[in-house]
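Notes follow the structure.
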There are 2 protein chains.
Amino acid sequence: MTEEHTSAAAPRRRNVRGEATRARVLVAALDTFAAQGYHGTGTRDIADAAGISQAALYVHYATKEELLFQLALDGHRAVVEVVRDAAEQDGTPTERLSAVVRAHSRYHAVSRKQARVVNLELGALTREHRQEISALRRELESIVRGILVAGIESGDFRVIDLPLTALALLSLGFDVCRWYRDGGTWTADEIGERYQEMALNIVRNS
Amino acid sequence: MTEEHTSAAAPRRRNVRGEATRARVLVAALDTFAAQGYHGTGTRDIADAAGISQAALYVHYATKEELLFQLALDGHRAVVEVVRDAAEQDGTPTERLSAVVRAHSRYHAVSRKQARVVNLELGALTREHRQEISALRRELESIVRGILVAGIESGDFRVIDLPLTALALLSLGFDVCRWYRDGGTWTADEIGERYQEMALNIVRNS
DNA sequence: GTCTATATTGCGATAGAC
DNA sequence: GTCTATCGCAATATAGAC
């Protein structure tokens, strides 16, 4: 049995611990970035929140920016996944758009901490990393545009400017993470429901 | 002729110069905050952009945060003024809501630099300053709600959740400053026109 | 009111023992 | 892999001459 076999079949315990710490650091970065902003957060703040020394951060992430990038990547992938799942369900264009807007706005209420960091701190990313994130955002717009096209072809929707309407429908959800509070007037589900109705009002051919 | 009379009737030239420099500093802060973010901007960056030494900043503003607060105050007052002017015109609720959404979204395209700083960097304000800004934002929502109430009473509008609809209508405009670019697909006027149509679709009683 | 120079603090990242 | 200690630098704000 070679060393490679052992590593692949049963990772050594220190690897498992390492991965767990890496994840804790990421959560700590999310919490501190959300509370104080990226530039307003020091690596000592992150380390304190993760329960390790400041120097130990650099074993898991090479730079502070790499932490932000990982958060932005995870967050955007999560939104795209949520929205794509809603878009790919069987149903009329009306049903699919309804599901997409409901899921998107609901996500920005439930996961507003991630969404805030991910939407507000993109300017702190390096040029290359920002471009990688932009691709995911364009994918989101593309999914919405696809449903709008289907609805126009079926006669269910009437849209004057297709790309602009897709942008506006996503804007509704993006802004939720700015003002949503737990225990406020609305639940996340209620927001999804109301926003889905407004979205259909915008595009409905009546 | 006393010294007081002279000062009141004809401010000395160094006061005029001082005010002009104060304004140049504010513009420099706007430019640098917009480009690099509040925490990403040093007082040296602001001073360089204003054409003065870093130390001279402190003659005009006591802290860097005071600069941000002044920008946030000016920016929010400008939005409230633009929206209130549109809301107070004579006309049906439909016409008034149309004017408000057109003006609001158009403003966030034309003045996107101010709007970005003002909307994205509020977390860097002190608690007291942030509360003062929040009051202006609530005033904005209140204006929109007032028009919605008028439209519901006249039978022109049909709205399920009034405060949430007001929030959503403003969200459309807020997000414009995030993605709008000069020389892009749409002019600011076109955005105002399309967004106004979408807003009426949302609330129209048909 | 503006300047140069600096006090003071905090930052991101690294060195080296264990 | 984690720690303590520290490097080198940049930050905000102030001092004092002009």
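Residue numbers start from 1 in every chain, and the chains themselves are labelled A, B, ... in the order their sequence lines are given, proteins ahead of strands.
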Original post:
Is it true that the side chains of Glu128(A) and Gln131(A) contain a donor and an acceptor less than 3.5 Å apart?
Top reply: no
Original post:
Roughly, in whole Å, what's the span from CZ in Arg24(B) to C1' in dG1(C)?
Top reply: 12 Å
Original post:
Considering only heavy atoms, which members of residues 36-45 of chain B lie under 4.0 Å from some atom of DNA chain D?
Top reply: Thr41(B), Gly42(B), Thr43(B), Arg44(B)
**OP:** Send over the distance from Phe33(B) CZ to dA11(D) P, rounded to a whole Å.
**Re:** 13 Å
Subject >> Euclidean distance, atom CD1 of residue Ile46(B) to atom P of dT2(C) [Å, nearest integer] >> reply: 15 Å
Original post:
Under the 3.5 angstrom rule, does the side chain of Glu88(B) hit a backbone N or O of Asp85(B) as a donor-acceptor pair?
Top reply: no
Output a table of nitrogen or oxygen pairs between the protein and nucleotides 3-5 of chain D separated by less than 3.5 Å.
{"unit_1": "dC3(D)", "atom_1": "OP2", "unit_2": "Ser53(A)", "atom_2": "N", "d": "2.5"}
{"unit_1": "dC3(D)", "atom_1": "OP2", "unit_2": "Ser53(A)", "atom_2": "OG", "d": "2.9"}

Original post:
In whole angstroms, how far is the C1' atom of dT14(C) from the NZ atom of Lys64(A)?
Top reply: 17 Å
Original post:
Tyr58(B) has an atom OH; how far is it from atom C1' of dA13(D), in whole Å?
Top reply: 5 Å
Original post:
Roughly, in whole Å, what's the span from CD in Glu65(A) to C1' in dA13(C)?
Top reply: 15 Å
Subject >> From Cys177(A) atom SG to Lys113(A) atom NZ, the distance as rounded to the nearest 0.5 Å >> reply: 13.5 Å
**OP:** To the nearest Å, give me how far apart CG (Asp48(B)) and C1' (dT2(C)) are.
**Re:** 15 Å
Original post:
Where do Asp175(B) and Ser171(A) come nearest, in terms of heavy atoms and distance?
Top reply: OD2-OG, 2.5 Å
Original post:
Can you say whether the rings of Tyr195(A) and Trp179(A) are parallel (under 30°), tilted (30 to 60°) or perpendicular (over 60°)?
Top reply: tilted
Original post:
Got a donor-acceptor contact below 3.5 angstrom from the His129(B) side chain to the Leu125(B) backbone?
Top reply: no
Original post:
Is Thr63(A) near enough to dG12(C) that one of its side-chain N or O atoms lies under 4.0 angstrom from OP1 or OP2?
Top reply: no
Original post:
Looking just at side-chain N and O atoms, do Arg116(A) and Asn119(A) make a donor-acceptor pair shorter than 3.5 Å?
Top reply: no
Original post:
Below 6.0 angstrom between ring centroids: does that apply to Phe174(A) and His104(A)?
Top reply: yes
Atom pairs and distances, donor-acceptor, side-chain atoms in residues 45-54 of chain B, under 3.5 Å, two or more places apart:
{"unit_1": "Asp45(B)", "atom_1": "OD2", "unit_2": "Gly42(B)", "atom_2": "N", "d": "2.9"}
{"unit_1": "Ser53(B)", "atom_1": "OG", "unit_2": "Ala56(B)", "atom_2": "N", "d": "3.3"}
{"unit_1": "Gln54(B)", "atom_1": "NE2", "unit_2": "Thr43(B)", "atom_2": "OG1", "d": "2.8"}

